[in-house]
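Structure, as structure tokens:
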Amino acid sequence: MGSILNDADRTTICQRIGTVTSTSVPRWGRMDVKSMLTHLKLSALMALGDLPVACKSKRAFQVFPVKHLILHVVPFPKSAPTAPELLVADSAPVDAIRSELVTLVERMGAGPREGYGPTHPLFGRLSFREWGMATYKHADHHLRQFGA
């Protein structure tokens with residue numbers, strides 16, 4: 001499993017982000033490129049603790065083995081629901097959003113590796129290592145959505 005905390009994985013994700021253009025077409029889902037990049041940017045802000053997101057209190061997703069399976073084993077489902085805070089429109093151009101997203105991903109990579117990060121709205125308390133893996137998996141999911 002990849003992780004944003006791993007230099008090679010982070011570099012690969014940032015390169016893939018760079019290949020997405022305003023003309024990229026989704027293979028599934030309702031998001032366009034700008035919405036997807038904004039969604040990943042807001043998700044990165046959440047992972048860094050800069051964007052508070054309301055907890056959904058879904059206890060089943062916060063305990064082993066369900067939490068472990070979703071974070072480490074099974075792929076994220078296509079068109080799964082997300083927190084409304086992560087679906088806010090951005091008026092900036094695609095290039096600016098992409099650049100900000102890469103900066104946030106690099107910031108995560110330079111961050112702590114031990115201890116706990118912010119509370120995830122679905123999975124509850126996550127360690128920085130879990131955030132690194134979840135962020136990688138989430139970015140990979142959406143980049144594959146656009147063929148990147």
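The analysis underlying the following values was restricted to heavy atoms, covering all of them including side chains, and did not include hydrogens, waters or symmetry mates. In what follows, residues are counted from 1 in the order of the sequence shown.
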Report the C-alpha distance between His141 and Trp28 in whole Å, list the side-chain angles of each, state the deciding distance to 0.1 Å, and finish with yes or no for ring pair (Phe, Tyr, Trp, His ring centres under 6.0 Å). CA-CA 11 Å; His141 169 81; Trp28 73 82; 5.4 Å; yes

Just checking, any donor-acceptor pair under 3.5 angstrom between side chains of Asp9 and Thr12? no

Which atom pair, heavy atoms only, marks the closest approach of [X] to [Y]?
X	Y	answer
Ser24	Thr19	OG-O, 4.4 Å
Ile4	Tyr136	CG1-N, 3.6 Å
Gly109	Leu5	CA-CD2, 4.4 Å
Arg125	Tyr116	NH2-CD1, 3.1 Å
Ile13	Asp140	CD1-N, 4.1 Å

Listed by chain and number, what are the side-chain contact (heavy atoms from CB on, under 4.5 Å) partners of Thr38, not counting sequence neighbours? Lys34, Leu42, Asp90, Ile97

Asp95 and Arg98 ion-paired at < 4.0 Å: yes

Is any side-chain heavy atom of His142 less than 4.5 Å from a side-chain heavy atom of Met31? yes

Test of understanding: with salt bridge (charged side-chain N to carboxylate O under 4.0 Å, His left out), list the residues that count as partners of Arg113, not counting sequence neighbours. none

Could you tell me whether the side chain of Trp131 and the main chain of Met108 form a donor-acceptor pair under 3.5 Å? no

Val33/Thr21 under side chain to side chain contact (heavy atoms under 4.5 Å, CB included): CA gap, chis, key distance, verdict: CA-CA 7 Å; Val33 170; Thr21 69; over 6 Å; no

Side-chain donor-acceptor distances from residues 43-52 under 3.5 Å, at least two apart:
unit_1 : atom_1 : unit_2 : atom_2 : d
Ser43  : OG     : His39  : O      : 2.8
Asp50  : OD1    : Arg107 : NH2    : 3.4
Asp50  : OD2    : Arg107 : NH1    : 2.8
Asp50  : OD2    : Arg107 : NH2    : 2.7

